[in-house]
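Throughout, protein chains are lettered first and strands after them, A, B, ... in sequence-line order, and every chain is numbered starting at 1.
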Protein chains: 2
Amino acid sequence: MRNGERSRERLLDAATAEFAAYGIAGARVDRISAAAGVNKAQMYGWFSSKEGLFDAVFSQHLHRIVDAVPFTPHDLPAYAVALYDSYLTDPELVRLAGWSRLERVPVGDLLDAHHADPKHAAIKRAQAEGRIVRDIRPDEVYALVIALAGTWSPVSATFTASRQDDQADHRRRRRALRAVVRRALVP
Amino acid sequence: MRNGERSRERLLDAATAEFAAYGIAGARVDRISAAAGVNKAQMYGWFSSKEGLFDAVFSQHLHRIVDAVPFTPHDLPAYAVALYDSYLTDPELVRLAGWSRLERVPVGDLLDAHHADPKHAAIKRAQAEGRIVRDIRPDEVYALVIALAGTWSPVSATFTASRQDDQADHRRRRRALRAVVRRALVP
DNA sequence: CCTAACCTACCGACTGGTTAGTCGGTAAGG
DNA sequence: CCTTACCGACTAACCAGTCGGTAGGTTAGG
């Protein structure tokens, strides 16, 4: 009974990297346990299956996926830009969400309602204050901002940005993103 | 030598469905050959591996992914709405692109330049004519439109729409999409 | 017109490596 | 003495890819 807590953490870290890189079907439990330095049987004692391990990883990172960046409904352009930056520093989270969408949740909400509801409510208030356009429903405002911030994300259908890109590229994308969100959603 | 052409077609159709549903790592070649009614050894005679089969499937559908909808740079809002509709009728294409991004092409362009270049050039002309705002580069205009059209797509990080959704929902999303693209990109 | 050679579609059965998950245990701490 | 961390070795199923064929159609030579 030397150090169960630390082992569990190393295991979840290794599993995060593995699932982010290969998805659920592509992940290998032997690779995870080897990378974590945790015995496989031990792993199965804590989490009962590969799927169970993915669930643990995903729910552990849920708040980081959702709140990687403080939500600022009164300044959506800045929020979108901050998301762009967070996708650059933490592409794993976006990839994890992508796998979950493709391998687990093909339609409907990706996350539980109680993660999104507070944001929708905040958007509604900002609309009442005249900070956000009123002709689009709060949940859709949110969806559109997330989609825009993900234009160059690790699940982009066009181009995925990386930290190695030229700083000028990042600046140009941030500027475009800020302008688009402002013109589209700020009255 | 009864009908090689038809068998090949059935095989590619079955492979498309399988890869769209499960991705490369999750796809099972036995399932594909069974669904197509084509012997597995035959399959390996035509395509040399599971990866080779995915490549064939993906390149076969490339033009449909890129040109599922006629590109109308002079009316980007309508283009975005048409893409929304095409994602509803053909979610497989978007999922295929998603798998390719996650399992194959983690950074940079998802598609070859020669697929995107004509569109960028058309956007540039539309900008010169004053039909599209000039403060955003053509390739980024395109990326932003694709991202917006994919707000409720099968790779959405928030909500994935489906044909079963209420017609009112579809109308509301189309209207929001049209408004956002117009305000953001049309002068 | 026949037939031998050849090509391509088609196929059932197999294999070797991989992989999720298990077993039966030791030892450390409380 | 009980619980929990830890572990090497194992297994049964799975799965991509192969083997060694048969048969139908086409062509060319006689």
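A donor-acceptor pair shorter than 3.5 Å can be found between the side chains of B/Arg173 and B/Tyr84. Checking A/Arg101 against B/Thr160 by side-chain atom types alone, a donor-acceptor pair falls below 3.5 Å.
Atom CZ in A/Arg10 sits roughly 13 Å away from atom P in D/dA5 (whole-Å rounding). Following rounding to the nearest Å, A/Arg6 (CZ) and D/dT4 (C1') show an atom-to-atom distance of 18 Å. A straight line from CZ of B/Arg8 to C1' of C/dC10 spans 15 Å, rounded to a whole angstrom. A/Asp30 has its CG atom 13 Å from the C1' atom of C/dT22, to the nearest Å. For the pair B/Glu9 CD and C/dA9 C1', the computed distance is 15 Å after rounding to whole Å.
Taking the charged nitrogens against the carboxylate oxygens, A/Arg137 and A/Asp139 do have a contact shorter than 4.0 Å, which makes a salt bridge. Residues B/Arg10 and B/Glu5 are not paired through a salt bridge, judged by the lack of any N-O separation under 4.0 Å between the basic side chain and the carboxylate.
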Side chains of residues 112-128 of chain A: which donor-acceptor partners sit under 3.5 Å, not counting sequence neighbours?
residue, atom, partner, partner atom, Å
A/Lys119, NZ, A/Asp67, OD1, 3.0
A/Gln127, NE2, A/Val133, O, 2.8
A/Gln127, NE2, A/Ile136, O, 2.7

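Atom CZ of A/Arg172 is separated from atom CG of A/Leu177 by 13.0 Å, given to the nearest 0.5 angstrom.
Contact annotation: B/Arg28 side-chain N/O to D/dA16 OP1/OP2 distance is under 4.0 Å.
In summary, of the residues considered (A/Asp85, A/Asp165, A/Asp169), a salt bridge (charged side-chain N to carboxylate O under 4.0 Å, His left out) with A/Arg174 occurs for A/Asp85 alone. Across A/Arg182, A/Arg183, A/Arg175, a single residue satisfies salt bridge (charged side-chain N to carboxylate O under 4.0 Å, His left out) together with B/Asp135, and that is A/Arg183.
A heavy atom closer than 4.0 Å to some atom of DNA chain D occurs in no member of residues 12-26 of chain B. For DNA chain C, the neighbouring residues in residues 38-57 of chain A, judged by any heavy atom under 4.0 Å, are A/Lys40, A/Ala41, A/Tyr44, A/Ser49, A/Lys50.
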